[in-house]
There are 2 protein chains.
Amino acid sequence: MSSARARRLTHTDLDKVSLQAALEALADPVRRSIVRQLAASPDWARACGMFDLGVTKATISHHFSVLRNAGLIEQRDEGQRRLNRLRSEEFERRFPGLLRLVVEDNRTGKPTSGDEPGE
Amino acid sequence: MSSARARRLTHTDLDKVSLQAALEALADPVRRSIVRQLAASPDWARACGMFDLGVTKATISHHFSVLRNAGLIEQRDEGQRRLNRLRSEEFERRFPGLLRLVVEDNRTGKPTSGDEPGE
DNA sequence: TGACATGTTCGATGGCGATCATACACTATT
DNA sequence: AATAGTGTATGATCGCCATCGAACATGTCA
């Protein structure tokens with residue numbers, strides 16, 4: 001008796017996730033921010049709207065979809081909210097070490113300087 | 001007495017490479033193919049032209065530049081050729097586990113024909 | 001029922017990056 | 001010097017993706 005909403009939630013088998021998809025998912029700074037914030041919270045503690053990101057809810061929804069398809073998160077509906085958890089163990093088994101790099105990364109954005117061509 | 005050509009070769013301090021830059025560099029299938037082929041060869045064994053990629057030399061040159069700026073490869077001029085090596089240890093220290101994921105990945109992401117020579 | 005809250009879907013837009021062809025630069029050889 | 005080999009720089013094109021606003025769907029509560 002899943003709700004009509006939850007029925008649309010399909011989660012990915014990690015064995016079917018390509019390295020390409022994983023890297024593309026994590027190459028976006030907004031998505032890495034989501035992953036880091038999830039890693040800092042207990043499972044199912046945060047709904048999609050409760051993230052500190054600088055984009056609209058439409059964009060947020062898009063990013064969550066990408067993360068879900070890449071096997072990085074699991075989602076569950078609870079009332080009006082869609083709760084999230086990081087699929088840490090499963091993702092770690094499929095891509096050892098990768099999640100740790102993202103979670104422990106302190107520098108958020110682009111590099112500071114100096115790698116421009118020319119010079 | 002470096003040549004005029006080699007003088008333009010600037011290599012990156014791995015501490016200055018952001019995770020963002022590393023992931024962006026490795027998110028491209030052509031660049032991952034270069035990395036894999038480099039990992040399968042001894043250091044300095046392969047010049048830029050000696051890679052089995054489906055793109056023109058201008059594009060190849062661009063990809064090598066990206067890999068160099070991301071701290072993934074080191075380049076050295078030898079006569080007319082520009083030889084390459086993978087900065088395995090340094091990159092591993094900076095991003096533990098990441099290079100291994102790329103090197104040991106069998107699926108190429110795009111099911112094109114055999115993009116890797118040998119196996 | 002209506003009002004509100006939370007997310008998704010849709011269509012459009014803007015920017016960035018991968019790619020190419022061409023021209024250029026450097027090296028080695030003759 | 002002339003030529004051939006190798007890689008880079010430049011300018012243009014094209015496609016994709018992050019982003020947005022608006023409309024829609026779903027769920028809760030008065």
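Since the structure is predicted, the reported quantities are computational estimates derived from the model, not experimental observations. In what follows, chains are A, B, ... by sequence order, proteins preceding strands, each numbered from 1.
In this structure, Q80(A) and K57(A) both approach DNA chain D, and ranking their closest nucleotides by distance from the 5' end singles out K57(A). Comparing A47(B) and V55(A) against DNA chain D, the residue whose closest nucleotide sits nearer the 5' end is A47(B).
Residue contacts for H63(B): at a heavy-atom cut-off of 4.0 Å it reaches the sugar-phosphate backbone alone, with no base atom in range.
For the pair F64(B) CZ and dG7(D) P, the computed distance is 8 Å after rounding to whole Å. In this structure, the CD1 atom of I60(B) is 15 Å from the C1' atom of dG5(D), given to the nearest Å. Taking atom CG on N84(A) and atom P on dT6(C), their separation rounds to 14 Å, with Å as the unit. Here dC17(D) presents its P atom at 7 Å from CD of E24(A), a figure rounded to the nearest Å. If you measure from atom CZ of R82(B) to atom C1' of dA9(D), you get 12 Å, rounded to the nearest angstrom. The distance from atom CZ of R76(A) to atom C1' of dG27(D) is 16 Å, rounded to the nearest whole Å. In this structure, L83(A) atom CG and dA5(C) atom C1' are separated by 14 Å, rounded to whole Å. Taking atom CZ of residue R32(B) and atom P of nucleotide dA18(C), one finds them 12 Å apart after rounding to whole Å.
Proximity note for H62(A) (side chain, C-beta onward) versus dG7(C), dT19(D), dA5(C): the nearest is dT19(D). Here the side chain of R68(B) is nearest to one of dT8(C), dT8(D), dC20(D), namely dT8(D). Taking every side-chain heavy atom of R81(B) into account, dG7(D) is the closest of dG7(D), dA18(C), dG7(C). Checking dT8(C), dC20(C), dT28(D) against every side-chain atom of Q75(A), the shortest atom distance belongs to dT8(C). Comparing atom distances between the T59(B) side chain and each of dT6(D), dA18(C), dT19(C) picks out dT19(C) as nearest. Closest to the side chain of A58(B), from the set dT8(C), dG7(C), dA9(D), is dA9(D). Comparing dT8(D), dC20(D), dG7(C) against the side chain of T56(A) picks out dC20(D) as the nearest.
Salt bridge status for R76(A) with E74(A): absent, with no side-chain N to carboxylate O gap under 4.0 Å. Using a 4.0 Å cut-off between a side-chain N of Lys or Arg and a carboxylate O of Asp or Glu, E90(B) and R85(B) qualify as a salt bridge.
Residue S61(A) places at least one side-chain N or O under 4.0 Å from the OP1 or OP2 atom of dT8(C).
To the nearest 0.5 angstrom, R87(B) atom CZ is 11.5 Å from L67(B) atom CG. Rounded to the nearest 0.5 Å, atoms CG (L38(A)) and CG (D43(A)) are 8.5 Å apart.
A 4.5 Å side-chain heavy-atom check between L14(A) and R93(A) finds every atom pair outside the cut-off.
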